[in-house]
Number of protein chains: 2
Amino acid sequence: MATREGRRRVTITDVASHAQVSTTAVSKVLRNAYGVSEAMRLKVQAAIDELGYRPQAAARAMRGQTFTIGVLLPHIRNPFFADILDGLTEEISGAGYQAVIVQSGGPDLRRERAAIDALVDRQADGILMIAPVTARTQLEETAKTTPTVVLGRHERSAVYDVVLDDDEAGTELVVEHLIALGHRRIAHITDPAGGRAGPLTLPQHVRAKTYERLMTEHGLTEHIAIAATSYTEEGGYAGTRELLARTPRPTAIFAGMDQAAFGALAAVHEAGLTVPGDISVVGYDNARAAALAHISLTSVDQDGAIMGKTAGRLLLERIQGRTSAVRFSVTPTLVPRRSTAPPPAG
Amino acid sequence: MATREGRRRVTITDVASHAQVSTTAVSKVLRNAYGVSEAMRLKVQAAIDELGYRPQAAARAMRGQTFTIGVLLPHIRNPFFADILDGLTEEISGAGYQAVIVQSGGPDLRRERAAIDALVDRQADGILMIAPVTARTQLEETAKTTPTVVLGRHERSAVYDVVLDDDEAGTELVVEHLIALGHRRIAHITDPAGGRAGPLTLPQHVRAKTYERLMTEHGLTEHIAIAATSYTEEGGYAGTRELLARTPRPTAIFAGMDQAAFGALAAVHEAGLTVPGDISVVGYDNARAAALAHISLTSVDQDGAIMGKTAGRLLLERIQGRTSAVRFSVTPTLVPRRSTAPPPAG
DNA sequence: GCGGTGATGGGTAACATTACCCATCACCGT
DNA sequence: ACGGTGATGGGTAATGTTACCCATCACCGC
């Protein structure tokens, strides 16, 4: 309703009549389609510029593409997602695609489903789902209709591509680093949220499981201590308080994500303990804040920009018609900083 | 291209024939339009559920609404934006609207323009622009066609609504707090980026200008010291290094935004100085991380959720047909923490 | 000169939905 | 019984763009 006072939007018909050609010709110019002479191209382009014409996405969608890549993410609070988006945008904008983001609002199955539907309803040409918690079979339903890349889930699918970080390797870097420093009582903070994703699918689960495996392999089974709170500052804070209350208390805490590690730092500090004198703390994601001098958090770096760029490339390929499934994995590296040191003597 | 193997999407026609009614009837049910009996509603709803029908946004857009609110923001790295989005989503989702986010990628006029166009092309029913840098006249062109709310710009417009924080009041809280503690050499870190926004339009400019005014009013003109870097961790770090190099060096640093304040904390720490012993640091936005024990940053709280919620309400009102312009301002509060204290004696 | 060929431009239908208007029907009061 | 009325359902055109196919034209080799 509310007929806007604004004059009617310029359409392809306006351009056509202004340039004295058919709408078909204009459409061809817009799409760089075959069968357009240079003279025609120039004439039409001039009319387009003069009138300030922009194609209407909805009308295009009725027949063809929307030039839209939908991105589903739990929320925008995680700075790691920003790196992914930067990479994605870099890759797809050259091809004339626009990334649009919708938040699911967290690991809520219903709301995640609604967010995915929103993208499908708007006919995104491709969808990048970041760490979704929906069951694989349901994701595959979507992927059958819309080119899909799932980022961060350890699984294989015949119908969508997967981009992920080698969380086993990353966890290994952390645990080996701490053990090499002499730590034995190494605790872990994880996020139990999993929705309907398979049991060892989401990064947090792989990290936690790998932590347990490595502890066992090093004969430290008795020192396994996990606080299952969440990958947030609050979660890291609460988890650390919980872990510090145990006897004997851990000498190192591996938080599965940087923001949780920041919360851990706060809790350690609040308990009157020092980092790394009393407790070493490690994060994951190598967020920018981890590098700040007064924080200087040892963390695992996974190249989010490359992951996003690759996801974009895979989506474009699928839009072009590729149907085989691809799996792309990046190898993380450890960035040691001043939050880790040998455990206190005794 | 790339005809997806997936079976054709269920359309309103499928629902109509399945329910043995007209497409018009189905459409009415979908829109809760007038002229539908309860029996009809139930019958159609049953068919919709059975077939799993979802209306196609593009086709709706051709005739009516898209039920989409577009959000333009510079980038998702700023956690304050997350609060705004939470408020917005809360307000609009009840009315069946979906928020979709596009990033402009920073204060780049061309890219911001492209991002706005992307939302207009996709026929968002309303647009929330967060701190855009485009010239007001251009924003008004868009607002004439699409209901628009601009968040964070200190200006009035006849065609769009404005939601903002009282940055003058916020800055006053900070400066008065520091002066009350005894500080005189109070420095400020700002972000010079402005694009084509008016001279005293963007929050960073208002905060910087108010800082100068207050310093002058307190007879501290000679102590005015501004580092114009950026509202980022890097900017706060670099700006602080610059400020600490001055003689005499400031005893307090007011960073115009929390992330810049975090960078400032790092720089102060790296310089071998303590907070608040040698230098007091204040931020703005009261990000969650500001509350962490080992950071404990004094900051200005502006209620982002309320701002987002209000923006959503204003957009819905405009979609309903309101044409008068509204201006909504929230009053910030100071959250004193341990990063501020009296200056060192001498 | 003539049929063939390749390049270029255009006509048309189709996409899914909704606004507008009309048709139908039951029921009412006279 | 009959015109009027209000409630309900449906037919149709229109939205802007593009895929498909056809028409036209210049030019070629024979």
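What's counted below: heavy atoms across the whole structure, side chains too, no hydrogens, waters or symmetry copies. So you know, we letter chains A, B, ... as the sequences are listed, proteins then strands, and number each from 1.
- Protein atom CD of B/Q56 is 18 Å distant from nucleotide atom P of D/dG16, rounded to whole Å.
- Counting only heavy atoms from C-beta on, B/R31 has its side chain closest to C/dA19 among C/dA19, C/dG9, D/dG10.
- Within the 4.0 Å cut-off from OP1 or OP2 of C/dG10, at least one side-chain nitrogen or oxygen of A/S22 is found.
- B/E317 and B/R313 are joined by a salt bridge, as a carboxylate oxygen and a charged side-chain nitrogen come within less than 4.0 angstrom of each other.
- The nucleotide C/dA23 finds its pairing partner in D/dT8, both defining distances of the Watson-Crick or G-U wobble pair being shorter than 3.5 Å.
- Residue B/V26 is classed as having no contact, given no heavy-atom separation below 4.0 Å to the nucleic acid.
- In this structure, the nucleotide among D/dT18, D/dG16, D/dG10 sitting nearest to the side chain of B/A25 is D/dG10.
- Put simply, CG on A/N32 is 14 Å from C1' on D/dT18, counting in whole angstrom units.
- Which of C/dA16, D/dG10, D/dG16 sits closest to the side chain of B/T11 comes down to C/dA16.
- Of the two residues contacting DNA chain C, namely A/E38 and B/Y53, the nearest-nucleotide position lying further toward the 5' end is that of A/E38.
- For the pair A/L30 CG and C/dG10 C1', the computed distance is 15 Å after rounding to whole Å.
- Judged by distance alone, with hydrogens and angles left aside, B/R60 brings no side-chain donor or acceptor close enough to the base of C/dT17 to form a pair under 3.5 Å.
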Exercise. Apply side chain to side chain contact (heavy atoms under 4.5 Å, CB included) to the pair B/H18 and B/V15, showing each step before the final yes or no.
Key: CA-CA 5 Å; B/H18 190 263; B/V15 175; 5.7 Å; no
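- What separates CZ of B/F67 from P of C/dT18 is a distance of 8 Å, to the nearest Å.
- Toward the 5' end of DNA chain C, the nearer of the two residues A/T24 and A/G35, judged by each one's closest nucleotide, is A/G35.
- Applying the 3.5 Å distance criterion, the base of C/dA19 shares no donor-acceptor pair with the side chain of B/R63.
- Here D/dT15 presents its P atom at 11 Å from CG of A/D14, a figure rounded to the nearest Å.
- In this structure, A/Q20 places its CD atom 10 Å from P of C/dG10, rounding to the nearest Å.
- For D/dG9, one of the phosphate oxygens OP1 or OP2 lies less than 4.0 angstrom from a side-chain nitrogen or oxygen of B/S37.
- Regarding contacts with the backbone of D/dT8, every side-chain N or O of B/Y34 stays at 4.0 angstrom or more from both OP1 and OP2.
- Taking a cutoff of 4.0 Å between a charged side-chain nitrogen and a carboxylate oxygen, B/R77 and A/D86 qualify as a salt bridge.
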